[in-house]
Amino acid sequence: MATTDRQATTLALAHALSAAERGLAVIPLSRTKLPALRSPHRHDPDPALPPCHGECGRPGHGVYDATTDPARIRELFAAAPWATGYGIACGLPPYRLIGIDLDVKSGTDATSALRELALRHLFTLPPTVVVLTPSGGRHLWLTGPPDAVIPNSASRLAPGIDIRGAGGYLVGPGSRTDHGVYATAPGTEHLVPAPCPPSLLRLLLPPPRAPHPSTHPSVGNRGQGLVQFVLSAHEGQRNTRLFWAACRAYENGIGRALRAPLIDAAVHTGLTEHEARATIASAARMTGRRP
């Protein structure tokens, strides 16, 4: 490893430990901003099995490895000596961090879009931590209430505004990537993440969906369990969970009856209806059933 990489890893670890002291759970990141440790299950024989969230005890589960324990953080960085950054898990106590990612790529002006949302919905962003990205974007750190689960989303509010919520992470200040260094904006270093304005929080929450009418008397608890399995998916595992649940549904003879509730559940987690229908159709073909 080059000396500069060793220095970047040392600095990233120091920043990660400092963040953990403030109650922020962290994981090591590579220069690509992805978790530095690969999944220990990447060679498992059955990729359709329910995903492991660290229950196996091995590192490599992405944001589910996030911790504030200094000894554990050092272990994770020791296992990933190529790490040059760290990620901060969102949605966890005590802050229950919500990240507002304002992008400037592809000609978008996310800052103006957020300003227009604020005017339209009558909220004011409070002084809070702001992290500057190498591309010229900004990450605004806000906090959410204990009973709110904010999903991750990309450009749902407006073009260029991405949201990092439960199951997501933000690149921490001091991290070095292929494109540069993330840094706290001047004047915000001493701040703590501010509470998300209620009007903005309502925009970030998934829209309430009316319960789907009973689809078939044979669906029963098994079907409801599969729907809940999809509903609990985080970004990065939504298609996998939907595919697995749909396969089990078709194998148990309730695929067609459970199709609509599974689509509703997948859309609730952030997939588009088109993506959900395509995934369920793939599961039907895999199990030899008709969609």
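At a threshold of 4.5 Å between non-hydrogen side-chain atoms, the residues Trp82 and Arg6 do not count as touching. Leu262 places a side-chain heavy atom less than 4.5 Å from the side chain of Leu242. Under the 4.5 Å side-chain criterion, counting only non-hydrogen atoms from C-beta, Thr67 is not in contact with Val26. Looking at heavy atoms from C-beta onward, Ile163 lies out of side-chain contact with Pro151 at the 4.5 angstrom threshold. The closest side-chain heavy-atom distance from Ser30 to Thr84 is not below 4.5 Å. Annotation: side chain of Thr188 is not in contact with side chain of Thr128 (no heavy-atom distance under 4.5 Å). A 4.5 Å side-chain heavy-atom check between Ile98 and Arg164 finds every atom pair outside the cut-off.
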Full working for side-chain contact (heavy atoms from CB on, under 4.5 Å) between Arg96 and Thr143: CA-CA 5 Å; Arg96 294 177 173 84; Thr143 65; 5.6 Å; no
Residues Arg138, Leu132; criterion side-chain contact (heavy atoms from CB on, under 4.5 Å); working and verdict: CA-CA 5 Å; Arg138 294 187 299 153; Leu132 305 178; 3.8 Å; yes
Stepwise side-chain contact (heavy atoms from CB on, under 4.5 Å) test for His41 and His61: CA-CA 9 Å; His41 306 289; His61 297 85; 3.1 Å; yes
Test log, rule side-chain hydrogen bond (donor to acceptor under 3.5 Å, both in side chains), inputs Ser282 and Arg285: CA-CA 5 Å; Ser282 295; Arg285 289 192 295 270; 3.2 Å; yes
side-chain contact (heavy atoms from CB on, under 4.5 Å) assessment of Val130 paired with Thr184: CA-CA 6 Å; Val130 178; Thr184 309; over 6 Å; no
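Taking OG1 of Thr269 as the start and CG of Asn239 as the end, the distance is 8.5 Å to the nearest 0.5 Å. Rounded to the nearest 0.5 Å, atoms CG (Leu204) and CG (Asn152) are 11.0 Å apart. How far CG of Leu92 is from CG of Leu24: 9.5 Å, rounded to the nearest 0.5 Å. The distance from the CZ atom of Arg277 to the CG atom of Leu271 is 13.0 Å, given to the nearest 0.5 Å. For the atom pair Ile100 CD1 and Cys196 SG, the distance stands at 6.0 Å (nearest 0.5 Å). Remark: Leu200 CG to Leu125 CG distance equals 6.5 Å, nearest 0.5 Å.
Taking the salt bridge (charged side-chain N to carboxylate O under 4.0 Å, His left out) definition, one finds that Glu189 meets it with nothing, sequence neighbours left out.
The environment of His121 atom NE2 is dense: over 12 non-hydrogen atoms of other residues, nucleotides or ligands sit within 6.0 angstrom. Around the CZ atom of Arg38, the shell of radius 6.0 Å holds no more than 12 heavy atoms that belong to other residues, nucleotides or ligands.
Distance alone, capped at 3.5 Å, is enough to place a donor-acceptor pair between the Ser175 side chain and the Tyr86 backbone. Using a distance-only test at 3.5 Å, with no hydrogens or angles considered, a donor-acceptor pair links the side chain of Ser155 to the main chain of Gly160.
Evaluation of the ring pair (Phe, Tyr, Trp, His ring centres under 6.0 Å) test over residues 126-154, restricted to residues two or more places apart or in two chains, returns His139-Tyr182.
A donor-acceptor pair shorter than 3.5 Å cannot be found between the side chains of Thr108 and Asp103. In this structure, a donor-acceptor pair under 3.5 Å is present between the side chains of Ser199 and Arg202. Side chain to side chain, Thr279 and Arg238 fail the donor-acceptor criterion of an N or O pair below 3.5 Å. Thr272 and Glu275 share a side-chain donor-acceptor pair at under 3.5 Å.
Contact record, Arg58 with Asp65: O-OD1, 4.3 Å, taken as the closest heavy-atom pair. Shortest non-hydrogen contact noted between Arg241 and Phe229 is NH1-O, 2.9 Å. Closest heavy-atom contact between Leu142 and Pro197: CD1-CD, 4.4 Å. When every heavy atom of Ile88 is checked against every heavy atom of Pro173, the shortest pair comes out as CD1-CD, 4.4 Å. Closest heavy-atom contact between Pro59 and Pro40: O-CD, 3.4 Å. For the pair Leu226 and Ala245, the tightest heavy-atom approach, listed with the atom from each and the gap, is CD1-O, 3.7 Å.
Ile280 and Leu258 end up in the same hydrophobic cluster when Ile, Leu, Val, Met, Phe, Trp and Tyr side chains are linked at under 4.5 Å. Cluster annotation: Val171 and Ile161 are assigned to distinct hydrophobic clusters (Ile/Leu/Val/Met/Phe/Trp/Tyr, side-chain heavy-atom contacts under 4.5 Å, transitive). Side-chain heavy atoms closer than 4.5 Å link hydrophobic residues (I, L, V, M, F, W, Y) into clusters, and following such links, even through other members, never connects Val149 to Leu170. Residues Tyr64 and Tyr169 share a single hydrophobic cluster, defined by chaining ILVMFWY side chains whose heavy atoms lie under 4.5 Å apart. Follow the hydrophobic side-chain contacts under 4.5 Å out from Leu34 and you reach Val63 in the same cluster.
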N/O donor-acceptor pairs under 3.5 Å from side chains in residues 71-81, not counting sequence neighbours:
| from | atom 1 | to | atom 2 | distance (Å) |
| --- | --- | --- | --- | --- |
| Arg72 | NH1 | Glu75 | OE1 | 3.1 |

